[in-house]
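Note sheet for the following structure.
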Amino acid sequence: TVFLCAEYIRQVTFGLSQEFGVARQVSGNYGHFWTWKSPKDSSSSTITGNLLTAAYLDAQDPMFFEEPSKPVVVYSHDLVATRR
């Protein structure tokens, strides 16, 4: 059995800027894609998974219109979860 989950996130971070009274804003667009697989042995208490994180350019980035729908970076993490 395989469980799939996808979520899209827009992260907006505000911080200090060089100009008084104006906040610095940094935004990012991400997609998280989770895959979990149940073990072949039904008595096992461990499942394995993978998390793909895709980062996309923001519309305010000068390179956005060159390829607005493809990620600029993809991270992959293998996961193991064990029930205690």
Side-chain angles (χ1 to χ4, degrees):
T1 305
V2 176
F3 173 77
L4 303 171
C5 179
E7 61 183 355
Y8 294 92
I9 300 165
R10 177 166 175 82
Q11 177 182 350
V12 180
T13 305
F14 294 99
L16 300 174
S17 70
Q18 300 293 330
E19 194 173 331
F20 180 76
V22 178
R24 179 175 168 262
Q25 176 181 335
V26 178
S27 59
N29 299 302
Y30 304 96
H32 291 295
F33 306 94
W34 302 82
T35 305
W36 291 100
K37 296 178 188 173
S38 60
K40 293 183 178 32
D41 177 13
S42 61
S43 64
S44 176
S45 60
T46 301
I47 61 173
T48 59
N50 182 268
L51 168 61
L52 288 175
T53 301
Y56 300 89
L57 292 175
D58 193 58
Q60 297 159 347
D61 191 292
M63 293 177 57
F64 175 78
F65 293 102
E66 292 180 28
E67 192 56 68
S69 63
K70 292 186 179 176
V72 292
V73 66
V74 176
Y75 301 100
S76 177
H77 302 279
D78 291 326
L79 308 167
V80 176
T82 303
R83 184 184 312 173
R84 294 182 184 208

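FYI, side chains are in, hydrogens and waters are out, and symmetry mates aren't considered; it's all heavy atoms of this structure.
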Quiz: residues 12-21 side-chain donor-acceptor pairs under 3.5 angstrom, not counting sequence neighbours:
| unit_1 | atom_1 | unit_2 | atom_2 | d |
| --- | --- | --- | --- | --- |
| T13 | OG1 | Q11 | NE2 | 3.4 |
| S17 | OG | E19 | N | 3.3 |
| S17 | OG | E19 | O | 3.0 |
| S17 | OG | V22 | O | 2.3 |

Which donor-acceptor pairs under 3.5 Å do side chains of residues 72-84 form with protein atoms, sequence neighbours excluded?
| unit_1 | atom_1 | unit_2 | atom_2 | d |
| --- | --- | --- | --- | --- |
| S76 | OG | N50 | ND2 | 3.1 |
| D78 | OD1 | N50 | ND2 | 3.0 |
| T82 | OG1 | T46 | OG1 | 3.2 |

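Applying the salt bridge (charged side-chain N to carboxylate O under 4.0 Å, His left out) test to every pair with at least one member in residues 33-43, sequence neighbours left out, gives no pairs at all. Pairs passing the side-chain hydrogen bond (donor to acceptor under 3.5 Å, both in side chains) check and including a residue from residues 52-64, sequence neighbours excluded, read R10-D58, S27-D58, N29-D58, H32-T53.
Both I47 and L51 are assigned to one and the same hydrophobic cluster, defined by single-linkage of ILVMFWY side chains at heavy-atom distances under 4.5 Å.
Legend: residues meeting ring pair (Phe, Tyr, Trp, His ring centres under 6.0 Å) with Y30, ordered by chain and number and at least two apart, are absent. Legend: residues meeting side chain to side chain donor-acceptor pair (under 3.5 Å) with E67, ordered by chain and number and at least two apart, are S69.
The shortest side-chain heavy-atom distance between E7 and F33 does not fall under the 4.5 Å cut-off.
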